[in-house]
Number of protein chains: 2
Amino acid sequence: MDARKRQVLEALIDDYIATAEPVGSRTLAKKYGLGVSPATIRNEMADLEDLGFLEQPHTSAGRVPSDKGYRYYVDEIMRPLVLDLAERQRIRQAYQVRVRELHWFIHQTARLVSELTLYPSLVVAPPVEQAALTDLSFVPLGQDTVLMVLKTSTGMVENQTLLVPEEFDSDKLKSLAEDFTQEFRGLAIHDLKNRILDPLQGDVKRYPELWQLALKWVTGHDGDEDKVSLAGPLNILNYPEFRDVDKVRRVLGFLEKETAVELASRYYAEGVQVVIGAESSLDDIQDCSLVTATYRVGGSVVGHLMVLGPRRMHYNRVIGIVEAVSDELSRVLHG
Amino acid sequence: MDARKRQVLEALIDDYIATAEPVGSRTLAKKYGLGVSPATIRNEMADLEDLGFLEQPHTSAGRVPSDKGYRYYVDEIMRPLVLDLAERQRIRQAYQVRVRELHWFIHQTARLVSELTLYPSLVVAPPVEQAALTDLSFVPLGQDTVLMVLKTSTGMVENQTLLVPEEFDSDKLKSLAEDFTQEFRGLAIHDLKNRILDPLQGDVKRYPELWQLALKWVTGHDGDEDKVSLAGPLNILNYPEFRDVDKVRRVLGFLEKETAVELASRYYAEGVQVVIGAESSLDDIQDCSLVTATYRVGGSVVGHLMVLGPRRMHYNRVIGIVEAVSDELSRVLHG
DNA sequence: GTTTAGCACTCTCCTTTCAGGAGTGCTAAG
DNA sequence: CTTAGCACTCCTGAAAGGAGAGTGCTAAAC
């Protein structure tokens, strides 16, 4: 893998990313200043194909990068694009208005990323289920409704309206909230739910009224709702590889399913990860690549951010954007 | 327009809805027990074409209903399908779990409708902007954040987190909330916002601290967010008329834009409305039909519910579903 | 008068064929 | 090692032809 091969590979991938057409030796020689003739490039391309970096759709077409080719490009050749001023500003301003509302953060992030990258983007919120309870209070709303406000160790706030017996007045609720916080503080939400649902724990007897309320919460609470935000799915339609409606259905279907969330969480390692084509071993997105990033609150990874595009994705640009956004998000979440 | 013409029209539309293929006289004679020969049906079809109810894609194809044909079918022939037990139960159970959270209601409704109809569905929430303020309270969350809980005359609750100066302690907030409610109760949210933004009103001077808080609310509050829920957009991909990606883009683009919401609100008349093809005079959805319905709280229309599908939509089924769901939604919102 | 069988006609759709073009690999010369 | 030349392959798009579906019309049957 000498320098010229790398040059050829880079030029070819750049061209293919831009045009979506198989790239021939003549094109490469003409458009990119490689200083050699098409014939020479042909030889290099044949070598690159032997090495597994390129593929030929058919004998007399140009070449197309293989998964392995993209992988080499991403790992060894390309460098993340530095965003221009306007884009950096846009990212900085995106989070200025509101505060502390989980679903707003992820919604905003997903939109921001998909608008900047022109690809669909999925943002997975901090898994509330795993965060620990830090504080809980009840706010009376009407004579039989109450707002339950729950704070977690990841700094997020969750609200949920509950129906309560009428005899729960303001003072009663206050003392119940204190009991609840006292008893359960520090427990992960997930464990807390299990404990509430388990009659053997004895909570039923010790706090009959509180337990009744808590049960309403658990049964009414859909842990997954609002935790994922998808933006810009239609962007996918702008790329010629998605001319086929069946393909569109598979890919967008994937984004709407649980699989996408799972996959995002699978790449748990800090920082930006790239998954190219078949590397995901998911049939539905064989022809797609993913760029995922994590964001943090107080040093630990709490959520994921994912961009999905065709295999010939603008990796350098997307990686640059995803890095910038996840950094900014971590920053504002920390503050 | 004699009885047999109606029969032929009905059979033809039923068949076209089922198959998406132009319907020929032979098919009609064979599949539907009309008791006459293809030749007779041909004559009827020629008449129906003269009347503008049918169209011929080309000389030697079968016939296809025109907008006018569908219109006659919807208004004069078809009757809403009565849902079966399982479906009715499903609708009844859909709203049992949670209470009073606006975004949850519309989200749930959109999902329910799209799953039952197999078409995309859009639900527009009661316009909070137009509802009157009935009550307001602040809940301290941390040393500098506070949850603002706002109740409206449509019975909905809105929450928003605000950043506040540290000197606003619990008692202070309580008295501020009382002042606020006292002063502004009964005002439409929309007017309230304008008033807060208008320095000439004198609120700045009279309630400097409160006004500061209110301003944060107004500027941080995106009136439209969470007010619209789209479900099942991908359903559209299952219909052969949307093989073409450009068409898909136009239609799904329409659903994501403000236009769709506007359109839904345009059909403000109580009950179910059907818009067929070009009747909407919107280019993007020339080949689509819409079924809209309204739902009510305390007797007055507050929101809209919309189903979008190909022109050959299962009108009877969709209308039945939309009626049932909007009734149920009105019922639970009232309670 | 209405209904129907028969038939010629039209138009689409699918397949086949064919030429053009792009790109390759190989060979041999620079 | 590089490059020009050339035969070869394979896709693509246009043109041509046949099959099939469905029609409208005419004339006979009810």
> Looking at residues at least two apart in the chain, or sitting in another chain, which of them share a ring pair (Phe, Tyr, Trp, His ring centres under 6.0 Å) with Tyr32(B)?
Replying inline: none
> Reading nucleotides 22-30 of chain D 5' to 3', which nucleotides get B (base under 4.0 Å from a protein heavy atom), which S (sugar-phosphate only), which -?
Replying inline: SBB------
> What residues form a ring pair (Phe, Tyr, Trp, His ring centres under 6.0 Å) with Phe242(B), not counting sequence neighbours?
Replying inline: none
> Residues two or more places apart in sequence or in another chain: which of them pass side chain to side chain donor-acceptor pair (under 3.5 Å) with Glu279(B)?
Replying inline: Arg71(B)
>> Please enumerate all residues that pass side chain to side chain donor-acceptor pair (under 3.5 Å) together with Arg317(A), with sequence neighbours excluded.
In response: Glu87(A)
> Closer than 4.0 Å, any side-chain N/O of Thr40(A) to the OP1 or OP2 of dT3(D)?
Replying inline: yes
> What are the residues of residues 239-246 of chain A, sorted by number, that bring a heavy atom to within less than 4.0 Å of DNA chain C?
Replying inline: none
> With Arg42(B), which residues qualify under salt bridge (Lys or Arg N to Asp or Glu O under 4.0 Å), at least two apart?
Replying inline: none
>> If I take atom CD in residue Glu21(A) and atom P in nucleotide dG21(C), what distance separates them, rounded to the nearest angstrom?
In response: 18 Å
>> Nearest whole Å is fine: how far is dT3(C) C1' from Leu34(B) CG?
In response: 14 Å
> Does Arg266(A) have any salt bridge (Lys or Arg N to Asp or Glu O under 4.0 Å) partners at least two apart in sequence or in another chain, and if so, which?
Replying inline: none
> How long is the line joining CG of Leu28(A) and P of dT3(D), in whole Å?
Replying inline: 14 Å
>> Going by ring pair (Phe, Tyr, Trp, His ring centres under 6.0 Å), name the residues that satisfy it together with Tyr73(A), two or more places apart in sequence or in a different chain.
In response: none
> Does the distance from a Lys or Arg side-chain N to an Asp or Glu carboxylate O, for Glu241(B) and Arg312(B), drop under 4.0 Å?
Replying inline: yes
>> In whole Å, I'd like the distance from the CD1 atom of Ile41(B) to the P atom of dT2(C).
In response: 17 Å
